[in-house]
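Bear in mind the structure is a predicted one, so any value in this text is a computation, not a measurement. Computation of the quantities below employed the complete heavy-atom set of this structure, encompassing side-chain atoms and omitting hydrogens, waters and symmetry-equivalent molecules.
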Amino acid sequence: MTSREIRQAFLEYFQSKGHQIVPSAPVVVKNDPTLMFTNAGMNQFKDLFLGEAPIKFPRIADTQRCLRVSGKHNDLEEVGIDTYHHTLFEMLGNWSFGDYFKKDAIQWAWELLTEVYKLDKDRLYVTIFEGDESEGLAKDTEAFDFWKEWITEDRILLGNKKDNFWEMGDTGPCGPCSEIHYDMRPDAERAQVSGAQLVNADDPQVIEIWNLVFMQFNRLKDGSLKPLPAKHVDTGMGFERLVRCIQHKTSNYDTDVFQPLIQFISEKSGIAYGADEKTDIAMRVLSDHIRAVSFAIADGQLPSNNKAGYVIRRILRRAVRYAYTFLNFKNPFIHELVPVLAEQFKGVFDELYQQQDFVEKVILEEEVSFLRTLTAGIQRFENYIEQNTAIDGNFAFELFDTFGFPIDLTELLAREKGLVVDMDGFQNALLAQKERSRAATAIDTGDWVVVNADEESQFVGYDQLTAQTSILKYRKVAAKGKEQYQLVLAETPFYAEGGGQVGDTGYIRSLDSNEKISIVDTKKENGLFIHFTNQLPTSLDGEFEAVVNVAKRKDTEANHSATHLLHAALKQVLGDHVNQKGSLVSADVLRFDFSHFAKLTYEEIKQIEDIVNAKIRENIALKEECNVPYQKAIESGVTALFGEKYGDHVRVITFDDNYSKELCGGTHVSGTGEIGFFKIMSESAVAAGVRRIEAITGTRAAQVIREYFELMNNFKELLNNPKDFVSALTKVIDENQSLKKEIENYIKEKSKGLMADLESKMEKIGDVHFLATTVDLPNADAVKTLAYALKGAVNNLFLVLGANIDGKPSLTVMISDDLAKERGYHAGNIVRDLAKDIQGGGGGQPFFATAGGKDVQGLDKAVSRAKEFLK
């Protein structure tokens with residue numbers, strides 16, 4: 001079977017068992033503060049496990065793109081080295097939400113593997129949870145009994161809490177699990193050593209392929225386990241490993257999942273795969289990493305220097321480094337893999353195929369940038385070893401942290417020179433940085449405390465800005481020494497941050513005591529609206545009035561609707577290739593990132609503004625459609641954003657059916673006339689192939705226009721209110737330039753006159769012409785000009801000039817090149833020492849240096865000490 005057939009067989013099998021087939025969620029997580037990336041198939045269903053969202057389908061199956069490169073699940077350094085670890089991988093999964101449990105999950109897993117995929121039954125082993133006394137958990141005899149119906153008892157192995165009790169993190173849904181392992185060794189090896197002895201022993205040919213997790217508990221912050229409202233099944237089967245087993249390969253990389261990429265790399269590099277382990281590892285790294293980087297970019301995460309963007313940049317740079325070091329790719333190459341990958345996943349994950357050109361160009365730009373970094377890093381390394389016989393750990397860390405230079409490449413360069421890197425020092429510096437980072441971002445989140453258990457939370461903010469409500473639950477959070485509380489309300493008019501729109505603020509007021517509590521932000525976590533407050537109400541019971549800050553909401557809505565109009569205008573002016581790559585919508589400003597590969601011209605910006613403002617003047621009524629079937633919305637020509645996870649039913653926002661029609665969960669004006677006026681304030685580059693527009697509307701636009709007019713009026717008053725303002729201003733500028741030239745000429749003449757006087761005052765000490773004095777010149781440029789003029793006129797010059805420039809002391813040291821080279825004089829070191837007398841500092845080159853300070857009274861002392869430096 002091909003990999004495509006294997007994937008399809010899984011989905012069709014579970015569809016026949018009544019499962020709803022759902023699409024993969026984006027690999028980049030947007031509404032869960034505990035995760036940057038989807039690292040398991042269950043992530044998108046977490047709120048269902050916790051009972052925080054309604055269950056539409058009790059049975060679901062899918063193939064999910066997952067990324068494991070940070071946090072608890074981090075396989076990055078193993079990738080390419082072994083045969084089965086990956087950064088991005090597919091997780092085939094089937095789920096039951098309070099429907100079937102262990103019996104059916106076990107039966108169907110066995111049936112699929114042995115009857116559909118025809119895997120050898122005598123190569124299969126399963127594990128069950130052995131129990132844990134410290135947790136008060138018994139052996140999973142239920143799973144054991146069900147497995148006995150399909151497999152002999154000697155192939156049912158007991159596993160400890162580490163291997164057979166699955167937990168998403170320190171807190172959250174968890175439960176015992178049953179792993180399925182497959183022994184791929186030759187028969188001769190199997191006859192010598194039983195596969196049972198090699199399960200979970202890191203044998204590369206006895207591997208876990210499927211994990212059946214039986215979700216029964218929720219791990220609380222104090223470590224205790226609380227039963228979930230209902231029992232669920234969460235299974236995950238590693239697609240790449242499964243394909244390897246079915247295709248009878250000894251490595252995931254030998255399957256048709258990776259071979260198209262590896263053969264392309266081999267052809268381009270001129271190196272055969274299998275010829276050498278080092279080049280094989282490099283090809284495996286490239287074929288793996290291009291998948292992670294490409295899908296992350298397609299899902300909306302651009303490489304950057306922080307958070308998720310930094311992880312993607314790090315993966316890409318690891319690939320570039322392997323290509324550079326082991327495959328001799330000195331020019332950008334990795335972006336050429338994108339079309340191969342896009343074609344491979346066409347019809348499976350079309351997001352990449354549809355954005356192929358964009359992803360390719362972003363990766364190319366990153367490659368160009370990092371290759372420059374590698375070149376600069378190698379030069380810094382060469383400069384360092386000219387003066388050092390060992391590589392200090394702090395220097396290696398500086399290369400890594402400040403300049404993005406990989407530590408393993410530093411080690412490689414050191415070995416080639418017969419040097420050793422102080423890896424203990426490097427690791428200590430790295431650990432210290434991680435501790436600083438962890439301390440800066442640490443969030444201590446308490447468990448939810450339930451106030452009203454039987455109610456559900458509902459958002460009513462599309463239609464109303466106040467609501468009578470009650471508090472369902474709350475929890476305490478602490479970050480950077482500051483404590484806050486998070487509330488969940490039964491009914492809330494507060495919009496939670498999402499889709500680029502900031503969260504609402506306002507207050508809740510107790511209807512019993514009239515006590516007001518400010519709501520400082522609203523965010524969404526796994527579908528739940530979380531209200532942030534700095535204090536809890538005195539009494540949590542009873543009814544409250546929830547009130548949104550109306551002015552802020554209205555201004556935010558104006559900016560959000562303007563963003564939709566802007567998006568449509570950009571497509572109209574620049575072309576259909578324009579797609580949204582990010583946005584920020586607040587009360588003061590709208591920021592819109594979009595795919596485009598050239599700076600916008602003045603005429604293009606003007607045209608875009610004119611289109612948007614024309615739509616505003618038309619006062620187009622908002623057309624809001626809720627609960628539209630997703631496929632129907634797409635077929636109607638609606639604009640959907642890459643990287644967003646849409647449900648089966650969506651909300652469609654339209655301003656003129658022939659102009660702007662987008663999927664959107666944000667709040668909007670009822671008519672475009674409410675936006676008032678639209679003005680682009682800036683246009684700039686964000687990343688390769690991504691431009692950013694910042695604009696204002698409504699209240700803020702009126703304020704800025706008023707400020708500009710006031711500024712213009714002030715200018716006019718200063719110019720005596722001329723009729724032709726531009727001509728009057730031009731005349732002032734021309735006069736100013738003329739006066740500046742006159743002053744410069746005066747200073748030059750004065751310097752020439754001063755030069756003759758200074759030459760006459762020079763003292764000859766041996767063969768050195770020495771002069772240290774103060775001069776009366778108006779600026780530092782004049783002093784510098786004088787110093788260079790004297791250097792050109794006098795041989796073997798040692799010159800120190802002090803000056804009082806606008807009440808601040810200045811020192812200039814000039815030394816002839818011959819003196820600097822032959823006698824070791826260094827103007828930078830000298831001026832740095834003399835600057836102590838004027839309470840300042842400075843530096844420069846061996847032949848010329850300057851310093852500034854605070855104490856004018858110290859100038860004479862500094863000048864008088866200059867002779868001390870003559871040797």
Side-chain angles (χ1 to χ4, degrees), residues 23 25-26 28 30-31 297-302 349-359 462 498-501 556-585 590-597 600 604 607-609 611-612 614-616 618 620-669 671-672 675 678 680 686 689-693 695 697:
V28 182
K30 296 188 177 180
N31 284 321
I297 294 171
D299 282 346
Q301 182 55 65
L302 295 170
F349 302 129
D350 280 329
E351 298 91 332
L352 180 56
Y353 186 80
Q354 293 165 0
Q355 299 181 86
Q356 176 182 316
D357 289 344
F358 173 72
V359 173
Y462 288 138
Q501 181 175 334
T556 303
E557 287 178 342
N559 279 331
H560 198 158
S561 297
T563 300
H564 284 224
L565 302 184
L566 170 62
H567 193 182
L570 286 166
K571 284 181 176 291
Q572 186 174 325
V573 174
L574 303 178
D576 289 336
H577 66 279
V578 168
N579 283 299
Q580 180 176 333
K581 292 299 172 186
S583 70
L584 170 67
V585 179
L590 69 89
R591 190 177 73 202
F592 190 79
D593 297 345
F594 58 98
S595 52
H596 188 59
F597 290 89
L600 270 63
E604 286 171 334
Q607 192 177 352
I608 291 163
E609 287 181 337
I611 291 171
V612 173
K615 293 299 178 182
I616 291 172
E618 286 180 37
I620 303 166
L622 167 68
K623 181 180 176 183
E624 176 189 23
E625 300 170 273
C626 297
N627 296 314
V628 179
Y630 175 75
Q631 197 56 43
K632 180 182 178 182
I634 294 298
E635 290 170 359
S636 73
V638 72
T639 297
L641 305 184
F642 291 110
E644 289 292 335
K645 173 64 177 174
Y646 296 106
D648 299 300
H649 289 78
V650 293
R651 181 169 174 257
V652 180
I653 295 297
T654 304
F655 291 107
D656 185 342
D657 286 313
N658 298 317
Y659 182 71
S660 172
K661 192 172 188 179
E662 295 192 22
L663 300 185
C664 182
T667 65
H668 290 274
V669 297
T672 59
I675 298 171
F678 171 83
I680 293 175
V686 178
V690 180
R691 308 295 300 180
R692 170 173 291 172
I693 279 177
T697 68

ask   = Which value, rounded to the nearest 0.5 Å, describes the distance between Cys626 atom SG and Ile653 atom CD1?
value = 7.0 Å

query = Of Leu584, Val585, Leu566, which is the lone residue that meets side chain to side chain contact (heavy atoms under 4.5 Å, CB included) with Asn559?
reply = Val585

ask   = CZ of Arg692 to CG of Asp593: how many Å apart, nearest 0.5 Å?
value = 4.0 Å

ask   = Any side-chain heavy atom of Ile693 within less than 4.5 Å of one from Leu600?
value = yes

inquiry  = Test side chain to side chain contact (heavy atoms under 4.5 Å, CB included) on Lys623 and Asp657; report intermediate values, then the result.
reply    = CA-CA 9 Å; Lys623 181 180 176 183; Asp657 286 313; 3.4 Å; yes

key: Arg651 side, atom CZ; Tyr462 side, atom OH - distance, nearest 0.5 Å   = 4.0 Å

ask   = Does the side chain of His649 reach to within under 4.5 Å of the side chain of Pro629, using non-hydrogen atoms?
value = yes

request  = Compare all side-chain heavy atoms of Val650 with those of Ile634 and state whether any distance is below 4.5 angstrom.
outcome  = no

ask   = Closest heavy-atom contact between Leu352 and Ala298?
value = CA-CB, 4.2 Å

ask   = Under 30°, 30 to 60°, or over 60°: which ring-plane class applies to Phe592 and His567, parallel, tilted or perpendicular?
value = tilted

key: N/O donor-acceptor pair under 3.5 Å between Ser595 side chain and Asn579 backbone   = yes

ask   = Can you check whether Ile608 reaches Leu570 side chain to side chain, under 4.5 Å on heavy atoms?
value = yes

task = Could you please spell out the steps behind the side chain to side chain contact (heavy atoms under 4.5 Å, CB included) verdict for Val573 and Val578?
result = CA-CA 10 Å; Val573 174; Val578 168; over 6 Å; no

task = Indicate yes or no: at least one non-hydrogen side-chain atom of His577 is less than 4.5 angstrom from one of Phe358.
result = no

request  = Enter the distance from Leu590:CG to Thr563:OG1 here, rounded to the nearest 0.5 Å.
outcome  = 4.0 Å

ask   = Who passes side-chain hydrogen bond (donor to acceptor under 3.5 Å, both in side chains) against Gln501, sequence neighbours left out?
value = His560, Thr667

inquiry  = Testing the basics here: between Ala695 and Ile680, what is the closest heavy-atom pair and its distance to 0.1 Å?
reply    = CB-CA, 3.9 Å

key: Heavy-atom closest pair, residues Ala558 and Ile675   = O-CG1, 3.7 Å

message = I want to check something: taking the side chain as every heavy atom from C-beta on, are Leu565 and Phe678 in contact at a cut-off of under 4.5 Å?
response = no

ask   = Looking at Ile611 and Ala569, what are the two nearest heavy atoms and their distance?
value = CG2-CB, 3.9 Å

For the student: nearest non-hydrogen atoms of Phe597 and Gly689, plus distance = CE2-CA, 3.1 Å

ask   = NE2 of His564 to OG of Ser583: how many Å apart, nearest 0.5 Å?
value = 8.0 Å

inquiry  = Counting C-beta onward and ignoring hydrogens, is there a side-chain heavy-atom pair between Val690 and Phe594 closer than 4.5 Å?
reply    = no

Sub-4.5 Å side-chain heavy-atom contact between Thr639 and Leu663 = no

query = Does the salt bridge (Lys or Arg N to Asp or Glu O under 4.0 Å) test come out yes or no for Lys571 and Asp576, once each step is laid out?
reply = CA-CA 5 Å; Lys571 284 181 176 291; Asp576 289 336; 5.4 Å; no

key: For Glu618, side-chain contact (heavy atoms from CB on, under 4.5 Å) partners two or more places apart   = Lys615, Ile620

